[in-house]
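One-based numbering, in listed order, for ligands and for the atoms of each.
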Amino acid sequence: MEKSRKTLADILNEAMVAANTMDRDKLLFSYKGILYPATFCSPEVFRAMDSLEARSDDIILAGYPKSGTNWLGQILNDLVAIFGKKAQDKESSMNYEEMQEFPYLEMGDTGKYERMNKSPCRRVIVTHLLPENLPSSIFRNKAKILLLIRNPKDVATSFYHFSNGMSHLPSYETWDDFFIAFMTKKMPWGCYFEYLSKWNKYADDENVMTITYEELKENPVLGVKNIAAFFGVSLTEKELQSVVERSSFQSMKKNSLKTHGKHGDVFFRKGGVNDWKNLFSGDQNKKMDKAFEERIKGTKLGTKLKYEVYCKA
Ligand code: A3P
């Protein structure tokens, strides 16, 4: 197994440098009708992805961009490290860090999936993809999926700031321009509402657990406990507390230069609920409320979001 692959921070820094020299209209490309950032994804990598052999002990995190995937990624990696230590199998002597791939499934090089297939470690795989675009072995081999959802107004707000803070995404002169793009399917990784309605079809599967950003924020101890139980990781009280502490917004923000490089601040911006109130106009609230009602209100995921609590002006 190849050693010392680039860190997440190195990959992010290099992608930002490359994006700085690109024209705005070349930053995204379309694959099967959905836009993706050209500095992180490519059609070749998408085509290679189906060679991934998923395993029943894989830990998959699915979430639309800006739903808190870095947060949950930290929690899941911690859980896997604890699990690995306890398992004390023959692989425990291997350096877990060195076995790691870039956490997002759809970002990397074409050789990534073969390396992942060879990795003996329990794998944490993060993705923003729609279920239909995932490697088929994920469902065939019954890998467990943690589905992370966040209220659409805070997602849009977070996405706006992220797009303007990172050079690999098209930036927007005004929030109003961004809002139109968000509501008209111009976002990388596709439309928020489509994402939720497609994943809603899997929400009752026994191998899928849904968690909301807001519930984890409200009670992180209970959230981490439930996630650990779902993936079969037993935790002592002390371990539970340390996972919660290491994944707190303050800890992750403090550590972000090391984990995410000089753009760390953009990934760990405010980490709260309701920041949308600083951006949405009355008319934009109405439009979002209407879209929510028409697209996902009556669904299981729509109910789980508690829109009335988190999104009503
Ligand atoms: P804000 O922009 O609202 O602050 P993703 O990781 O999927 O890109 O999502 C990013 C959002 O998750 C950002 O939201 C970020 O601040 C928030 N976030 C990241 N780590 C967090 C943590 N430990 N606790 C709470 N929110 C966190």
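At least one test fails for Lys112 against the ring of Phe102: distance under 6.0 Å to the centre or angle within 45° of the axis.
Aromatic rings of Phe280 and Phe179 (six-membered ring for Trp) have centroids within the 6.0 Å cut-off, being under it.
Lys304 and Glu215 are joined by a salt bridge, as a carboxylate oxygen and a charged side-chain nitrogen come within less than 4.0 angstrom of each other.
Between the side chains of Asn207 and Tyr202, no donor-acceptor pair of N or O atoms lies under 3.5 Å. Side-chain atoms of Asn285 and Lys153 include a donor-acceptor pair closer than 3.5 Å. A donor atom on one side chain and an acceptor atom on the other are not found under 3.5 Å apart for Tyr310 and Thr212.
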Which protein N or O atoms sit under 3.5 Å from any N or O of ligand 1? Give each pair with its distance.
{"residue": "ligand 1", "atom": "2 (O)", "partner": "Ser158", "partner atom": "OG", "Å": "2.6"}
{"residue": "ligand 1", "atom": "2 (O)", "partner": "Arg269", "partner atom": "NE", "Å": "2.8"}
{"residue": "ligand 1", "atom": "2 (O)", "partner": "Arg269", "partner atom": "NH2", "Å": "3.4"}
{"residue": "ligand 1", "atom": "3 (O)", "partner": "Arg150", "partner atom": "NH2", "Å": "3.1"}
{"residue": "ligand 1", "atom": "3 (O)", "partner": "Arg269", "partner atom": "NH2", "Å": "3.2"}
{"residue": "ligand 1", "atom": "4 (O)", "partner": "Lys270", "partner atom": "N", "Å": "2.7"}
{"residue": "ligand 1", "atom": "4 (O)", "partner": "Gly271", "partner atom": "N", "Å": "2.7"}
{"residue": "ligand 1", "atom": "6 (O)", "partner": "Thr69", "partner atom": "N", "Å": "3.2"}
{"residue": "ligand 1", "atom": "6 (O)", "partner": "Asn70", "partner atom": "N", "Å": "2.9"}
{"residue": "ligand 1", "atom": "6 (O)", "partner": "Asn70", "partner atom": "ND2", "Å": "2.8"}
{"residue": "ligand 1", "atom": "7 (O)", "partner": "Lys66", "partner atom": "N", "Å": "3.3"}
{"residue": "ligand 1", "atom": "7 (O)", "partner": "Ser67", "partner atom": "N", "Å": "3.3"}
{"residue": "ligand 1", "atom": "7 (O)", "partner": "Gly68", "partner atom": "N", "Å": "3.0"}
{"residue": "ligand 1", "atom": "7 (O)", "partner": "Thr69", "partner atom": "N", "Å": "2.7"}
{"residue": "ligand 1", "atom": "7 (O)", "partner": "Thr69", "partner atom": "OG1", "Å": "2.6"}
{"residue": "ligand 1", "atom": "8 (O)", "partner": "Lys66", "partner atom": "NZ", "Å": "2.7"}
{"residue": "ligand 1", "atom": "9 (O)", "partner": "Gly68", "partner atom": "N", "Å": "3.1"}
{"residue": "ligand 1", "atom": "14 (O)", "partner": "Arg150", "partner atom": "NH1", "Å": "3.2"}
{"residue": "ligand 1", "atom": "14 (O)", "partner": "Ser158", "partner atom": "OG", "Å": "3.4"}
{"residue": "ligand 1", "atom": "16 (O)", "partner": "Arg269", "partner atom": "N", "Å": "3.2"}
{"residue": "ligand 1", "atom": "16 (O)", "partner": "Gly271", "partner atom": "N", "Å": "3.3"}
{"residue": "ligand 1", "atom": "23 (N)", "partner": "Ser247", "partner atom": "O", "Å": "2.8"}
{"residue": "ligand 1", "atom": "23 (N)", "partner": "Phe249", "partner atom": "N", "Å": "3.4"}
{"residue": "ligand 1", "atom": "26 (N)", "partner": "Tyr213", "partner atom": "OH", "Å": "2.7"}

